Amino acid sequence: MATRDYVKRGKAPRKPTRNTKKAPPKAAFPLKWAIIAVLLVGAFGYGLFHLATSTPPENTTPAEQKVEKPKPAPKSPPSSQKAKETLPPQPKEKWSYIEELENKEVEVEANEQEISSRPYLMQCGAYRSSSQADERKAMIAFQGLESHVKTSQGEKGIWYRVVLGPYPLKREAERDRNMLRRAGIEPCAIWYWN
């Protein structure tokens, strides 16, 4: 079969298409909207003309009165007796909170910390390989805390647990857990030391 050269042949002439759709009828000029627009423009123009030709209202404020400044008295050194006579007596304070607050003692009852008979430990991961446990231990060491890797035998094989502690108070363990959480090292669980 011979190959045909479609490129040299060019495009086929287009057939005229049938226009079966009828054009929608042209809308009539909106006469009522034109009348409303003309009325609005006329009202606005009349309002501007009325404002320009009207006189402003008169001021209803009372006329300014002349205010005379009192002449300063000639400066003469006041005697201490005159100063005492012109000053009113010092008022007596009706509040007594100043004296009450100076002598007030506030008693605060602090809750006693619960001291457990068993120390706490914090576990920050359990891994199948010792290399993963060592990586976690290094991340904890960068935060300034000392951790240990404990090996434990489970049902599914050997587990390498990264633990911190022992802590005598649970509050100390929670403080370290919050520090590790801020550094992005989580989850860490706090348990009793076995």
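Only this structure's heavy atoms are used, side chains among them; waters, hydrogens and symmetry mates stay out. Just so it is clear, the model here is predicted, and its values are computed rather than measured.
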task: Taking the side chain as every heavy atom from C-beta outward, state whether R161 and S152 have any pair of such atoms under 4.5 Å apart.
output: yes
message: As an exercise, state the distance from CD1 of I35 to CG of L39, rounded to the nearest 0.5 Å.
response: 7.5 Å
message: What verdict does the side-chain contact (heavy atoms from CB on, under 4.5 Å) test give for F44 and L40, after you've listed the backbone C-alpha separation in whole Å, the side-chain angles of each residue and the deciding distance to 0.1 Å?
response: CA-CA 6 Å; F44 182 70; L40 286 175; over 6 Å; no
message: side-chain hydrogen bond (donor to acceptor under 3.5 Å, both in side chains), that's the test. Do D176 and Y167 meet it? Break it down for me.
response: CA-CA 10 Å; D176 287 350; Y167 295 102; 2.7 Å; yes
message: Can you confirm whether L180 sits close enough to E186 that some side-chain heavy atom of one is under 4.5 Å from a side-chain heavy atom of the other?
response: no
field: Spacing of E107 atom CD and K104 atom NZ [to the nearest 0.5 Å]
entry: 9.5 Å
- request: Verify side-chain contact (heavy atoms from CB on, under 4.5 Å) between Q132 and Y160, making sure each step is shown before the conclusion.
  value: CA-CA 9 Å; Q132 288 177 325; Y160 299 94; over 6 Å; no
message: Run the side-chain contact (heavy atoms from CB on, under 4.5 Å) test on R136 and I185 for me, step by step, so that the C-alpha distance in whole Å, both residues' side-chain angles and the decisive distance to 0.1 Å come before the verdict.
response: CA-CA 8 Å; R136 179 55 65 108; I185 302 171; 3.4 Å; yes
task: Give a yes or no on whether R128 atom CZ has more than 12 heavy-atom contacts from other residues, nucleotides or ligands under 6.0 Å away.
output: yes
query: Would you call the rings of Y46 and F49 parallel, tilted or perpendicular if under 30° counts as parallel and over 60° as perpendicular?
result: tilted
query: Mind checking whether V162 and S147 have side chains closer than 4.5 Å, heavy atoms only?
result: yes
field: Test item: L145 and M179 side chains (from C-beta on) under 4.5 Å apart, heavy atoms
entry: yes
- prompt: Would you call I190 and L121 a side-chain contact if the rule is heavy atoms closer than 4.5 Å?
  reply: no
message: Closer than 3.5 angstrom, by distance alone: can the side chain of R177 be matched with the main-chain N or O of A189 as a donor-acceptor pair?
response: no
- request: Start with the C-alpha gap between S116 and Y192, add the side-chain angles, then the distance that decides, and say whether side-chain contact (heavy atoms from CB on, under 4.5 Å) holds.
  value: CA-CA 9 Å; S116 174; Y192 284 115; 3.5 Å; yes
- prompt: Can K170 be said to sit on top of W193's aromatic six-ring, NZ or CZ under 6.0 Å from centre and within 45° of the ring axis?
  reply: no
- prompt: Distance from K137 atom NZ to C124 atom SG, nearest 0.5 Å?
  reply: 13.0 Å
message: Taking CD1 in I158 as the centre, count heavy atoms belonging to other residues, nucleotides or ligands within less than 6.0 Å. Is the count above 12?
response: no
